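Both counts, for ligands and for their atoms, begin at 1 and track the order of listing. Small disclaimer: the values here were computed from a predicted structure and weren't measured.
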Amino acid sequence: MIKLRDLYFKPFISEGEIQVAVQRMVDDIANDLQDEVPVFIGILNGSFMFVSDFVKLYPKPCEVTFIKLASYEGLKSSDDIQRLIGITQDLTGRTVVILEDIIDSGKTLAEVHRIFKNENVKELKIATLFYKPEAYKKDFKLHYVGIEIPDKFIVGYGLDYNGLGRDLPAIYQLKTTQHMTNLVLFGPPGAGKGTQANFLKEKYNLVHISTGDVFRFNIKNETALGMLAKSYMDKGELVPDQVTIDMLNAEVEKNADANGFIFDGFPRTHAQAEALDNLMDSKDSQINAMIALEVDDEILVERLLERGKSSGRADDADESIIRNRITEYYNKTAILKDYYSAQNKYFGVDGVGSISEITDRLSSVIDSL
Ligand code: IMP
Ligand code: MG
């Protein structure tokens, strides 16, 4: 992922894929033009890299020149196309091939046709490396197209976002979700996970997604997914991961403008961690960190016994049950610790101290991401 000014872009088309497309265009054009000596005309600024690679590969004699037009402002094509440098040579009777980096709305192309209307060229052909069919509003023929792409903003290989990115050798696509901080929060029973999640969601404007709460909500409201989950639970079977993922997806979509999410209670297995990565990937986002509160077993036992006295929760009253829950937690999370460590995303945080001390420790991890 790269950042240009205020926006994030993700890798989209590699150098290798670009070269394959350029070579194919060269072959097609050389084949069609036979022994004609064409004038290749690049449209500046965006096409400089394409033209350079193209003519290096072109197997026969050719001329190369440029015209300079400007239409784009930021992320949008504007109506006002400026002709900065026009045609500077006589093109009467010549075969002209326009080399465009990208055709989007087609406004620039319309201007190109206006420019050539009175030039008496023998033939005017249009070749564009990238083409956004969904955005194209004109009906000028495009004779050669390198790669068709969706109607999303790209940078690299000559294309810019407000001046930056032209130098990148590959193509990057604007991320639909801008930068989010997504955390997986872990902690053994009694570590204070719930308390800390509440502070963090306020402080960072994150949405806390507790899988337990999501399940209860869906079942109580008899959503389609809730009913599906319940049908497995009623049979005493585990709810398939995909059902849980679909529920989490619904929560993520409900909160599309959040700064990020705190996942709590999910993932619990390697397969679930992968499924969560895929879910975030489909949202152009990612899990940034697994943060685990670390508290010594003896302190946990003490805390939980203390809590048991006032809460009356049966599972907080019996020391051997408490120890079993703690052991089970470590058995289950070891796999996830490995999974996220392998991606340098595991952060253990000392969970002993006052609530605000622990919040500060968690914050310094989040601020460092
Ligand atoms: P059109 O006039 O809307 O077809 O846009 C063509 C011109 O807009 C190109 O020559 C580029 O300079 C610019 N452009 C269109 N789409 C993009 C993009 O996704 N990234 C960067 N520039 C673009
Ligand atoms: Mg251009």
Side-chain angles (χ1 to χ4, degrees), residues 1-15 17-18 21-22 25 29 39-55 64-87 96-117 124-178 284:
M1 195 174 64
I2 55 163
K3 187 179 187 201
L4 298 176
R5 304 197 189 281
D6 53 329
L7 297 178
Y8 291 86
F9 295 82
K10 60 178 177 175
F12 179 45
I13 301 172
S14 70
E15 277 182 81
E17 291 169 291
I18 296 171
V22 173
M25 294 176 78
I29 293 172
V39 184
F40 291 120
I41 302 188
I43 312 295
L44 291 174
N45 290 326
S47 72
F48 74 95
M49 222 182 256
F50 171 45
V51 174
S52 166
D53 283 347
F54 182 97
V55 297
V64 191
T65 186
F66 292 90
I67 57 182
K68 179 162 173 154
L69 304 176
S71 72
Y72 238 64
E73 285 162 11
L75 297 174
K76 289 200 65 176
S77 179
S78 86
D79 283 320
D80 171 34
I81 294 176
Q82 296 174 48
R83 218 179 279 184
L84 304 172
I85 302 175
I87 297 169
V96 171
V97 180
I98 299 295
L99 296 181
E100 256 289 30
D101 46 339
I102 187 164
I103 291 181
D104 181 350
S105 68
K107 283 174 204 150
T108 307
L109 188 56
E111 183 66 15
V112 167
H113 279 277
R114 251 190 308 278
I115 291 174
F116 279 89
K117 223 165 94 192
L124 178 68
K125 294 208 164 188
I126 309 299
T128 185
L129 178 56
F130 301 111
Y131 171 47
K132 297 178 182 170
E134 296 151 25
Y136 191 53
K137 299 272 160 25
K138 310 282 181 195
D139 37 37
F140 301 109
K141 183 172 164 62
L142 308 181
H143 301 82
Y144 305 97
V145 171
I147 303 176
E148 288 193 5
I149 60 170
D151 188 8
K152 289 196 181 155
F153 193 77
I154 58 170
V155 292
Y157 201 72
L159 295 157
D160 71 311
Y161 166 52
N162 283 349
L164 290 184
R166 294 196 196 276
D167 53 326
L168 300 165
I171 293 287
Y172 293 77
Q173 188 181 61
L174 181 67
K175 275 162 60 74
T176 45
T177 310
Q178 282 302 303
D284 267 358

So CG of Asp53 and OG of Ser47: to nearest 0.5 Å the spacing works out to 11.5 Å
Heavy-atom nearest option to atom 10 (O) of ligand 1, drawn from Thr108, Asp101, Ile154: Asp101
Could you give the distance from CZ (Phe12) to CD (Glu17), rounded to the nearest 0.5 Å? 8.5 Å
Check contact between Gly46 and ligand 1, using heavy atoms of the residue and a distance below 4.0 angstrom. no
Matching residue for Phe50 among Ile43, Ile18, Leu129, Ile102 - test: side-chain contact (heavy atoms from CB on, under 4.5 Å): Leu129
Atoms of ligand 1 close to Lys132 [distance to a heavy atom under 4.0 angstrom, numbered from 1]: 16 (N), 17 (C), 18 (C), 19 (O)
Can any side-chain N or O of His143 pair as donor or acceptor with the backbone N or O of Ile126 at less than 3.5 Å? yes
Reported CG-to-CZ distance for the pair Leu99 and Phe48, which is rounded to 0.5 angstrom: 14.0 Å
Under 3.5 Å between some N or O of ligand 1 and some N or O of Gly106? yes
Classify the contact between Asp104 and ligand 1 as side chain, backbone, both or neither, using a heavy-atom distance cut-off of under 4.0 Å. both
Quick one: does Asn45 get a heavy atom under 4.0 Å from ligand 1? no
Pair Asp6, Tyr161: side-chain N/O donor-acceptor within cut-off below 3.5 Å: yes
Examine ligand 1 and decide if any of its atoms is less than 4.0 Å from a heavy atom belonging to Glu111. no
Look at atom 11 (C) of ligand 1 and find which of Asp160, Leu69, Leu75, Ile102 reaches it with the closest heavy atom. Ile102
Quick check on contacts: which atoms of ligand 1 are under 4.0 angstrom from a heavy atom of Ser105? 1 (P), 2 (O), 3 (O), 4 (O)
Show me which atoms of ligand 1 lie under 4.0 Å from any heavy atom of Lys107. 1 (P), 2 (O), 4 (O)
How long is the span from the CE atom in Met49 to the CG atom in Leu159, to the nearest 0.5 Å? 9.5 Å
